[in-house]
Amino acid sequence: MDRKRKVDITGLGSTSTPAEDAAKKRNMGINPFTGAPYSRKYYDILEKRKKLPVHQFLDDLMDKVKNNQTVVVEGETGSGKTTQIPQFLVEAGYGAIGEGCVACTQPRRVAAMSIANRVSDEMDVNLGDIVGYSIRFEIKNGPRTILNFMTDGMLLREAMNDPFLAKYKCIVLDEAHERTLATDVLMGLIKEVLKNRPDMRVVVMSATLDAEKFQKYFDNAPLLKVPGRTFPVEIFYTPTPERDYVEAAVRTVVQIHKCEDPGDVLLFLTGEVEIEDACRAIRAEVEKSQDPTKEGELAVYPLYSSLPPAAQQKIFREAPGPKFPGGPVGRKVVVSTNVAETSLTIDGIVYVVDPGFSKQKVYNPRIRVESLLVSPISRASAQQRSGRAGRTRPGKCFRLYTEQSFKEELLEQTYPEILRSKMSNTVLTLLKLGVEDLVHFDFMDPPAPETLMRALELLNYLGALDDEGSLTDLGNKMSELPLDPQLAKVLLASPDYGCSNEVLSIVAMLSVPQVFMRPKEAQKAADEAKAEFAHIDGDHLTLLNAYHAYKQNGGSKDWCFSNFINSRSMVSAENVREQLGRLMGRLELRMVSTEFTARDYYTNIKKALTAGMFMQVAHLERSGHYLTVKDNQVVSIHPSSVLDNKPVWCMFEEFVLTSKNYIRTVTGVQADWLVEIAPHYFDLENFPECEAKHDLEAVYRRKDKSQQRPK
DNA sequence: CTCTGGAGA
């Protein structure tokens with residue numbers, strides 16, 4: 001079929017392009033997508049849309065897009081770029097029913113959903129028809145969809161089965177400055193795809209500061225700058241460095257409350273515990289020196305992602321009013337992690353307190369450990385934080401560091417995630433995408449060679465890659481599962497050990513946020529509740545017990561509550577389990593169980609786990625502490641573990657560096673299984689001299705003897 | 001004795 005043909009969709013006998021026809025209809029007051037006259041609401045929104053700064057740049061943008069495969073848009077907050085530019089592209093014909101689609105990626109699911117919702121209103125269509133979204137667990141689009149908002153990770157998934165992204169005529173990468181892992185991989189991939197798709201267009205949208213880097217990366221793509229619409233924010237620095245940033249932050253918040261004009265406060269801290277402590281400290285401080293005639297009430301709200309939604313909603317409450325008629329009005333302060341930096345916008349914030357720290361992931365390829373470390377933020381991040389004070393009116397930002405350290409010590413940009421992460425999953429994805437030469441893949445910021453080597457090594461040990469570096473059949477299957485390679489391998493191995501049903505439950509439980517809750521005010525009760533699920537062999541089977549108990553109690557929320565189980569995590573585990581189960585079906589894996597009363601019911605499960613986790617094993621030394629196998633890191637079993645019989649060998653899910661080196665989610669294993677299931681890894685020829693090796697030697701000797709013995 | 005920022009057909 002001739003894709004360039006001119007069609008007459010208006011019935012007016014014209015021979016113009018579909019885009020021109022659609023424009024004609026639009027001018028006649030008819031929605032070209034529905035054939036119905038535009039609603040009143042459409043015109044109301046249209047008036048507002050036309051006032052957005054981005055509107056003036058429409059012609060310039062379309063001109064640039066027409067003449068260049070890639071265009072970089074630098075747009076500040078409030079410019080309207082995210083909602084308007086995808087629509088402009090659709091109107092220009094880059095999306096047409098049955099012909100091709102405009103995709104717009106977002107780093108976060110809520111963003112993809114809410115923008116799709118907003119844009120479908122603006123276009124006067126039903127969400128899921130012309131405008132849709134795809135995020136994990138929820139695809140809301142259809143055959144007529146021509147504008148699809150999606151998470152960057154979702155587009156990457158799609159690319160695995162559609163390497164040329166044939167569905168899409170135009171791809172908008174929004175929030176590219178956030179440099180998520182998925183966006184970085186997509187950019188490298190899209191650069192390749194563009195060579196084979198001269199018709200394809202890409203719009204890379206980024207906040208200020210780093211647009212040039214994107215331009216350069218995309219072969220000097222033209223830049224369009226769109227101003228934002230925000231209010232000025234006055235910045236204050238401390239004259240000397242603060243020793244204790246939490247204490248300084250609490251002091252500053254109290255100071256603002258006592259001395260500044262009405263307006264809400266946003267304080268950035270690094271994590272849940274720190275935030276809860278600070279909230280208590282602020283409340284106590286204010287209570288201590290309260291003078292109700294001079295200052296109003298102060299409402300303090302914590303905010304972090306693991307907070308239940310109802311508690312998160314509190315941050316949107318109005319600040320408290322005056323306590324008595326004519327008294328001073330109250331104020332609210334939100335003490336938040338980085339979620340409030342990008343994901344969540346709170347209106348009415350006038351004061352921002354920024355101690356200059358956040359928790360960031362760091363990866364050490366030498367010991368293969370990813371951990372979260374409290375680190376100084378970047379200048380870009382500091383700017384983003386201060387901007388939060390000027391959304392509704394002019395504001396103030398108090399930076400609890402010196403101006404000099406802002407200028408001289410902070411990095412310009414936060415290191416992109418790709419330089420701070422394990423690459424095993426990404427490498428598997430890239431291989432599945434057909435990228436064979438990883439070293440020469442055009443990353444915007446190439447990860448350290450050692451990190452890539454570590455990933456290849458891991459995939460090879462798991463059997464996903466052969467010795468030539470090609471994806472094996474197993475590797476292909478692993479790439480289909482939205483799991484880390486180790487867990488993918490566990491799942492794929494589980495039918496061979498007769499326990500895919502149980503392993504699927506465990507893997508699902510491992511893929512969701514912390515299931516066992518332990519509120520500070522009820523630690524003992526929580527520990528007792530958890531003990532009811534404890535399995536003597538370790539945390540993996542304890543998770544399985546909890547899952548089964550949850551199912552037996554009908555997934556009841558009340559049951560979760562009284563057993564200190566996080567019911568949101570359980571719901572999410574059910575979703576994950578369902579999705580993985582579907583994928584297993586597609587991969588033709590059998591769903592089987594060992595008879596519960598059989599002696600090897602639990603052994604089989606632990607063996608299946610070992611089949612993927614054998615590289616994360618620790619050995620108990622004679623000195624009484626554990627050493628990780630091959631990496632020789634001294635570790636302790638995390639106090640949250642149910643394991644208290646100190647098995648000689650144990651496998652663990654994660655390595656956490658906090659007050660000590662901990663291994664978390666731990667299960668005891670037998671040395672025999674290790675040499676039986678992963679002989680290539682526990683091969684004594686390549687094993688560093690250590691106590692673990694001596695133990696293994698004993699296992700091999702025993703094996704040899706039993707093999708020699710005549711039957 | 002425990003401290004997880006975001007995200008994933």
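Hydrogens, waters and symmetry mates are skipped; everything else that's a heavy atom, side chains included, is used. So that the names make sense, note that chain A is the first sequence line, chain B the second, and so on, each numbered from 1.
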Chemist: Does the ring of A/Y363 carry A/R420 above it, NZ/CZ under 6.0 angstrom from centre and within 45° of its axis?
Modeler: no

Chemist: Which part of the nucleic acid, if any, lies within contact of A/T270, taking any heavy atom under 4.0 Å across all strands shown: a base, the sugar-phosphate backbone alone, or nothing?
Modeler: sugar-phosphate

Chemist: Between A/F357 and A/Y245, is the gap from one ring center to the other below 6.0 Å?
Modeler: yes

Chemist: Does A/T151 reach a base, just sugar-phosphate, or nothing at all? Heavy atoms under 4.0 Å.
Modeler: sugar-phosphate

Chemist: Assign A/S306 to base, sugar-phosphate, or nothing according to its heavy-atom contacts below 4.0 angstrom with the strands shown.
Modeler: nothing

Chemist: Does A/S511 reach a base, just sugar-phosphate, or nothing at all? Heavy atoms under 4.0 Å.
Modeler: nothing

Chemist: Calculate the interatomic distance between A/M584 atom CE and B/dA9 atom P; express it in whole Å.
Modeler: 17 Å

Chemist: In this structure, how many angstroms lie between the P atom of B/dA9 and the CG atom of A/L491, rounded?
Modeler: 15 Å

Chemist: Are any of the side-chain nitrogens in A/D527 or A/K530 under 4.0 Å away from the carboxylate oxygens of its partner?
Modeler: no

Chemist: If you pin A/Q523 and A/R586 to their nearest nucleotides in DNA chain B, which one's is more 5'?
Modeler: A/Q523

Chemist: Taking only the side-chain heavy atoms of A/R108 (C-beta and beyond), determine which of B/dA9, B/dG5, B/dG6 contains the nearest atom.
Modeler: B/dG6

Chemist: Taking any heavy-atom pair under 4.0 Å as a contact, classify A/N425: base, sugar-phosphate, or nothing.
Modeler: base

Chemist: Roughly, in whole Å, what's the span from CG in A/L372 to P in B/dA7?
Modeler: 14 Å

Chemist: By the 4.0 Å heavy-atom rule, please label A/S305 as base, sugar-phosphate, or nothing.
Modeler: sugar-phosphate

Chemist: Show me the donor-acceptor pairs within less than 3.5 Å that the side chains of residues 653-660 of chain A make with the rest of the protein, sequence neighbours left out.
Modeler:
residue: A/E653; atom: OE1; partner: A/H540; partner atom: NE2; Å: 2.6
residue: A/E654; atom: OE2; partner: A/R664; partner atom: NE; Å: 3.1
residue: A/E654; atom: OE2; partner: A/R664; partner atom: NH2; Å: 3.4

Chemist: For A/F137 and B/dA7, what is the distance between atoms CZ and P respectively, to the nearest whole Å?
Modeler: 12 Å

Chemist: Is there a donor in the side chain of A/S381 and an acceptor in the side chain of A/Q383, or the other way round, less than 3.5 Å apart?
Modeler: no

Chemist: Verify the distance criterion only: is there a donor paired with an acceptor across the side chains of A/T183 and A/D152 at less than 3.5 Å?
Modeler: yes

Chemist: Roughly how many Å is it from CG in A/D184 to P in B/dG6, rounded to a whole number?
Modeler: 20 Å

Chemist: What is the nucleic acid contact for A/E175, judged by heavy atoms within less than 4.0 Å: base, sugar-phosphate only, or nothing?
Modeler: nothing

Chemist: Nearest to the A/M154 side chain among B/dA9, B/dA7, B/dC1, which nucleotide is it?
Modeler: B/dA9

Chemist: Students often get this wrong, so: under 4.0 angstrom with heavy atoms, is A/E272 touching a base, only sugar-phosphate, or nothing?
Modeler: sugar-phosphate

Chemist: In whole Å, I'd like the distance from the CG atom of A/L303 to the P atom of B/dG5.
Modeler: 11 Å

Chemist: Would you kindly compare A/Q514 and A/Q579 by the position of their nearest DNA chain B nucleotide and give the one closer to the 5′ end?
Modeler: A/Q514

Chemist: What is the distance from NZ of A/K422 to P of B/dA7, rounded to the nearest Å?
Modeler: 18 Å

Chemist: So does A/E417 reach the base of B/dG6 with its side chain, donor to acceptor, closer than 3.5 Å?
Modeler: yes

Chemist: The side chain of A/T337 lies closest to which of these nucleotides: B/dC3, B/dG6, B/dA9?
Modeler: B/dG6

Chemist: Nearest whole angstrom, please: distance from the P of B/dA9 to the CG of A/L483.
Modeler: 10 Å

Chemist: State which of B/dG6, B/dC3, B/dA9 makes the closest approach to the side chain of A/K361.
Modeler: B/dG6

